[in-house]
Protein chains: 2
Amino acid sequence: MLTRSEEDHLKAVHALLEGGASAANKDVAERMGTKASSVTMMLKKLADKGLLKLEPYHGVKLTAKGRAEALKLVRKHRLWETFLVERLGFGWDEVHEVAEQLEHVRSEKLTDHLAEYLGDPAFDPHGDPIPDRHGRITARNMRPLPAVGTGERVRVAAVKDGSDALLQLLGRKGIGIGKVFTVRDRQDFDQSLELVAADGIHLTLSAKAAAHLWVEPASPRERRAP
Amino acid sequence: MLTRSEEDHLKAVHALLEGGASAANKDVAERMGTKASSVTMMLKKLADKGLLKLEPYHGVKLTAKGRAEALKLVRKHRLWETFLVERLGFGWDEVHEVAEQLEHVRSEKLTDHLAEYLGDPAFDPHGDPIPDRHGRITARNMRPLPAVGTGERVRVAAVKDGSDALLQLLGRKGIGIGKVFTVRDRQDFDQSLELVAADGIHLTLSAKAAAHLWVEPASPRERRAP
DNA sequence: CTTTTATTTTAGCCTCATCTAATTTTTATT
DNA sequence: AATAAAAATTAGATGAGGCTAAAATAAAAG
C-alpha cells in the first residue's frame, strides 16, 4: 500500500511524463515543492515497490504497474472534479485543491460507484480524459490552439494545465469546453489570436492563454456534439 | 489547523462524552487503539490549542471551541455516510470506514454544498443526527428498545454504535430506520424480545442487539413518518 | 491511614518525510 | 581532456506521532 506522499510523487512523475517532459529528480522536486534530496528517497521507495525505474540524470520511467497505479489516482481525481462541478455546483476553477484531497480516499467501491453515479464520464470539467477502471482513456484528435490556422473552425476540447486564474479568465470570456469558434486572425506583434464564436461574438486571446487551449476540428456546420 | 490525528482524538473524546462515558486518558487510548502514553501527548496538544481541559483521572472536558470542532467533524462524517447510502447505493453497514476518510477533507464549501445537495438532512442512515453548520442538532424523544414496555408501539429512530455485523443482522431481519413495530413479549431467560412488525410479521431480537436500537413513540394508527 | 491497584506521565527509542549542507557523480563547456 | 556546471546522493538534523518500560501519582481497598 502506498503512503499519501508516495502517491503524490507517483502522480507527479506520471503528470510530467504525460506532459512530454522528462521526470528527473529535480523536475519532480520542483513539481512537488520539495527538495531534491527528499525526492531521491521517495523515488527509491517507489522503485523498490516496482512502480518505476530509476535512471539518474535521465529521468525515471514508470513500470506498467506504476502507470496503472498513477492512472487510478488520475481517475479518482478527475471523477471527483466532475462530481464537484456537475453535482455540487463548484466552478471549474475551484475544484483542484479539493479533488487533490478526495483522490487519496481509498475505496475501490467508492470510485466505481461514483463513476457510475456520474454516468461513467469520459472527460472531466477541464476536458481531461478520465481513465476507466482498467486505465483506458478515450483518444482524441487535439491540437493546442496556437497550432490552428487562420480560418479554421474548432471546438474547445480541453484546457491543459490551467491555473485557477486562467480558468477564471476563460470563464469571464465565455470560453468553456465544447465552445466552437473560428480563428479569424493572428497578430504578428504578440501572437495574440482573434476569434469569432459561433454566435458571432469576437474576442481576443493572448498567446499565453491560447497555449493552454486544446481544440479539435469542428465541421463547418456543426454546432455541438459529444 | 488540526492534524488528522488531532482530529481523530478530538472526535474520540466527543464520542465518549456524547455516549455518557467519561473521556479519561485510558478510555481515549482504548477507543483510538493506541497507548495511554501517546494519548497523553495528543490531549496535551489539544488542550494547548484550547479545545479541551485536562483533568487527569477524571476525564477531559471539551471547551466550547472543542465541541464546535468536533461537531464539524461529526457533521462531515454523517453527511458523507448519507451521500454514500442515498446516492451511491452503499449499504448502511459499508459506509463507516469510507466516511472516516472523507470526513478529513478540508473544505467548508464542500461540506455546505454537499449538505445542500443532499437536502440538508437532519439524520444519517443510522438515524444519528447531523449537526447543521452551526452545530445544532434536532432533538428527539428516544429510548433504547430494552426500556420499552410490552405492548408499546414504537418506530426505530436510530441504531447507536452499531458494528457492521449488527447492521447486517438487522438488515437481514428487515429492521431499518423508520420501521414500526410493537413489543409483544420479553423472555425472562435471556431478555430477548419478541416483536410484531406493522405487516404482522413476528421476529425475535437478542438483548444484545436490542440495546443498540433506539426508538421513538409511534402512535397506534400511524404507519410511517419523518 | 496504609497498602495495593489503577492510571497517568516521563524518558528514551523508532519510523517517516522532510530539511540543509556537504559530497559525489554525470553532463556540458571550453 | 580538463574543467565548470548541473544534478543527484549522502549524512546528519528536525518534528510528528507512535511505541515500551519505568516512575510518579491518584484512587480504592483493607
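A, B, ... follow the sequence lines: proteins, then strands. Residue 1 opens every chain. Every heavy atom of this structure was used, including side-chain atoms; hydrogens, water molecules and symmetry mates were not.
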Are any side-chain N or O atoms of B/T63 and backbone N or O atoms of B/L51, one a donor and one an acceptor, separated by less than 3.5 Å?
yes

Closest contact, heavy atoms only, A/T82 versus A/P121
CG2-CG, 4.2 Å

Could you give the CG-to-P distance, from B/D48 to D/dG15, as a whole number of Å?
16 Å

Salt-bridge contact A/D112-A/R75 (side-chain N to carboxylate O under 4.0 Å)
yes

In whole Å, I'd like the distance from the CG atom of A/L43 to the P atom of C/dA17.
13 Å

Hey, are the side chains of B/P217 and B/E152 touching, using non-hydrogen atoms and a 4.5 Å cut-off?
no

Between A/E55 (CD) and D/dA7 (C1'), how many Å, whole number?
15 Å

For residues 5-24 of chain B, which residue pairs qualify under salt bridge (charged side-chain N to carboxylate O under 4.0 Å, His left out), counting only residues two or more places apart or in two chains?
B/E6-B/K45, B/E6-B/K49, B/E7-B/R106, B/K11-B/E100, B/K11-B/E103

Between CE of B/M1 and P of D/dA16 the distance, given in whole Å, is 15 Å

Counting only side-chain N and O atoms of A/K44, is one of them less than 4.0 Å from OP1 or OP2 of D/dT10?
yes

Got a sec: does the CZ of B/R133 have more than 12 other heavy atoms crowding it under 6.0 Å?
no

So, for A/V98 and A/F90, which heavy atoms are closest and what is the spacing to 0.1 Å?
CG2-CE2, 4.4 Å

B/K49 NZ to D/dA16 P, in whole Å, measures 9 Å

Answer whether the closest heavy-atom distance between the side chains of B/S5 and B/M42 falls below 4.5 Å.
yes

Would you please confirm or rule out a distance under 4.0 Å between OP1 or OP2 of C/dT18 and any side-chain N or O of A/S5?
yes

Report, as a single string ordered 5' to 3', how protein heavy atoms within less than 4.0 Å touch nucleotides 20-30 of chain C: B base, S sugar-phosphate only, - not at all.
B----BSS---

Within less than 4.0 Å of OP1 or OP2 of D/dA8, is there a side-chain N or O belonging to A/T40?
no

Is D/dT9 paired to anything, Watson-Crick or G-U wobble with both distances less than 3.5 Å, and if yes, which nucleotide?
C/dA22

May I ask you to say what A/M41 touches in the nucleic acid, namely base, sugar-phosphate or nothing, with a heavy-atom cut-off under 4.0 Å?
base

Step by step, would you call B/T40 with B/N25 a side-chain hydrogen bond (donor to acceptor under 3.5 Å, both in side chains)?
CA-CA 7 Å; B/T40 296; B/N25 192 316; 2.9 Å; yes

Does anything in residues 12-34 of chain B come within less than 4.0 Å of DNA chain C? Heavy atoms only, and list the residues if so.
B/A24, B/N25, B/K26

